[in-house]
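See structure below.
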Amino acid sequence: ETTAAGLILISGWNGEQSALVDPMCGSGTLAIEAALIATNTAPGLLRYGLGIKGSQETEKSRPSVVDWPHMSSHEWEDLWDEAARMDLRKDIYTEKRPPKIFINDLHPGALELALRSARSAKVDHLLDFSNEEAIDYQPRCSEVGMIVTNPPWDIRLGNAHEAWSQLGDFARRTLGTDSGPDGGVQRKRNMWCLSGNPKVVRYMNLEDSDRVALSAGKIDLRFLKYSF
């Protein structure tokens with residue numbers, strides 16, 4: 001979750017822009033973290049205050065740091081209460097805003113896991129779920145603003161190259177250049193992809209405009225940006 005949240009922050013998406021799309025969402029971690037960021041849900045609030053503010057599930061536990069010497073439990077209570085006040089998950093649900101995060105996966109099992117995880121985080125109402133091939137996926141939104149995804153890149157997966165080829169086709173179809181209001185100014189939209197295997201990336205037939213090096217679980221990764 002921490003890595004996923006960091007990737008969303010690097011991408012620059014914060015919920016105020018147009019729709020965020022993950023055409024190969026897997027268990028939905030990127031989308032769920034994006035929803036939590038968009039609703040000002042503080043890191044740790046799900047662990048120490050699982051429910052939405054105002055619900056019956058806000059009974060909170062205490063982190064061990066509260067028991068350290070010179071640490072006041074009142075300070076923790078104040079911080080938690082402030083975080084609960086800032087949490088917009090319930091407010092957005094009440095206002096019945098349309099989803100701004102659209103996710104898809106070919107595998108029903110992965111999508112079911114994504115739905116369960118989203119429900120657990122109380123952000124399932126902020127996501128739109130689809131189950132089809134990425135190459136056929138048409139997000140149910142007027143405009144795709146950004147793609148952030150973690151396609152299969154494990155070299156042990158025989159179809160990883162096909163997934164990246166479909167991703168390239170999907171990006172070209174949904175993020176093609178778009179004219180501005182005056183019909184003359186074109187604005188760029190971005191796709192960000194996480195990969196730990198440079199061999200499969202080439203199947204997209206796209207040239208990255210930026211890349212961020214990082215590691216997770218002792219695996220060297222690249223977060224690749226493509227501008228359209």
Side-chain angles (χ1 to χ4, degrees), residues 1-22 25-103 112-129 145-150 190 192 194 210 212-219 221 223 225:
E1 293 83 1
T2 301
T3 300
L7 296 178
I8 296 298
L9 293 174
I10 290 173
S11 77
W13 192 86
N14 60 17
E16 296 180 0
Q17 303 100 320
S18 52
L20 177 71
V21 174
D22 185 348
C25 68
S27 60
T29 306
L30 284 168
I32 292 169
E33 291 300 323
L36 293 173
I37 290 172
T39 53
N40 289 329
T41 306
L45 190 62
L46 300 187
R47 177 179 299 176
Y48 299 115
L50 182 59
I52 294 175
K53 64 177 182 179
S55 74
Q56 297 179 349
E57 301 180 32
T58 54
E59 182 178 350
K60 50 190 178 296
S61 59
R62 288 157 44 104
S64 58
V65 67
V66 176
D67 298 321
W68 289 6
H70 311 299
M71 177 65 183
S72 168
S73 61
H74 296 294
E75 292 178 322
W76 162 250
E77 294 291 334
D78 290 343
L79 288 172
W80 193 92
D81 290 340
E82 181 182 359
R85 286 193 299 270
M86 294 175 61
D87 180 7
L88 299 178
R89 286 174 295 163
K90 182 175 182 294
D91 297 341
I92 291 178
Y93 180 79
T94 302
E95 294 172 6
K96 298 186 182 303
R97 299 183 191 176
K100 269 199 164 184
I101 302 174
F102 298 81
I103 65 175
E112 178 61 30
L113 179 57
L115 179 57
R116 290 202 305 267
S117 298
R119 285 173 176 166
S120 178
K122 304 295 188 294
V123 295
D124 53 296
H125 56 291
L126 304 176
L127 277 59
D128 180 89
F129 299 83
M146 182 182 293
I147 297 171
V148 181
T149 189
N150 178 17
N190 300 320
W192 288 86
L194 184 67
D210 195 7
V212 179
L214 63 153
S215 62
K218 298 182 179 180
I219 301 176
L221 305 172
F223 196 36
K225 178 182 180 181

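What you are looking at is a predicted structure, and each value in this text was computed from that prediction instead of being measured. In what follows, residues are counted from 1 in the order of the sequence shown.
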Point to revise | Backbone of L126 reached by a side-chain donor or acceptor of R89 within 3.5 Å | key: no
Review point. For the residue pair T3 and A216, what are the closest heavy atoms and their distance?
Key: OG1-CB, 4.3 Å
**Study point:** Nearest heavy-atom neighbours spanning A114 and I32
**Key:** O-CD1, 4.0 Å
Check your understanding: Which atom names give the shortest non-hydrogen contact between F102 and A19, and what distance separates them?
Key -> CE1-CB, 3.6 Å
Check your understanding: Can you name the one residue among L20, D22, I10 that meets side chain to side chain contact (heavy atoms under 4.5 Å, CB included) with V148?
Key -> L20
Review point. For A38 and W13, which heavy atoms make the closest approach, and how far apart are they?
Key: CB-CZ3, 4.1 Å
Exercise for review: Kindly compute the distance separating CH2 (W192) from CG (N150), expressed to the nearest 0.5 Å.
Suggested key: 14.5 Å
Exercise for review: Look up atom OG in S11 and atom CG in L30, then write down how far apart they are to the nearest 0.5 Å.
Suggested key: 9.0 Å
Review point. Taking the side chain from S117 and the backbone from L113, do they hold a donor-acceptor pair closer than 3.5 Å?
Key: yes
Check your understanding: Rounded to the nearest 0.5 Å, how far apart are CG of L7 and OG1 of T2?
Key -> 10.5 Å
Practice item. Please report the closest heavy-atom contact between G145 and S18, naming both atoms and the distance. Key: CA-OG, 3.0 Å
Check your understanding: Under a 4.5 Å cut-off applied to non-hydrogen side-chain atoms, are D78 and E75 in contact?
Key -> no
Point to revise | Distance (rounded to the nearest 0.5 Å) between N190 CG and D210 CG | key: 9.5 Å
Exercise for review: Taking all heavy atoms of I103 and all of L127, pick out the closest pair and write down the distance.
Suggested key: CD1-CD2, 3.9 Å
Practice item. Find the distance between CZ (R85) and CG (N40) and round it off to the nearest 0.5 Å. Key: 13.0 Å
Check your understanding: When rounded to the nearest 0.5 angstrom, what is the spacing between NZ in K100 and CE in M146?
Key -> 12.0 Å
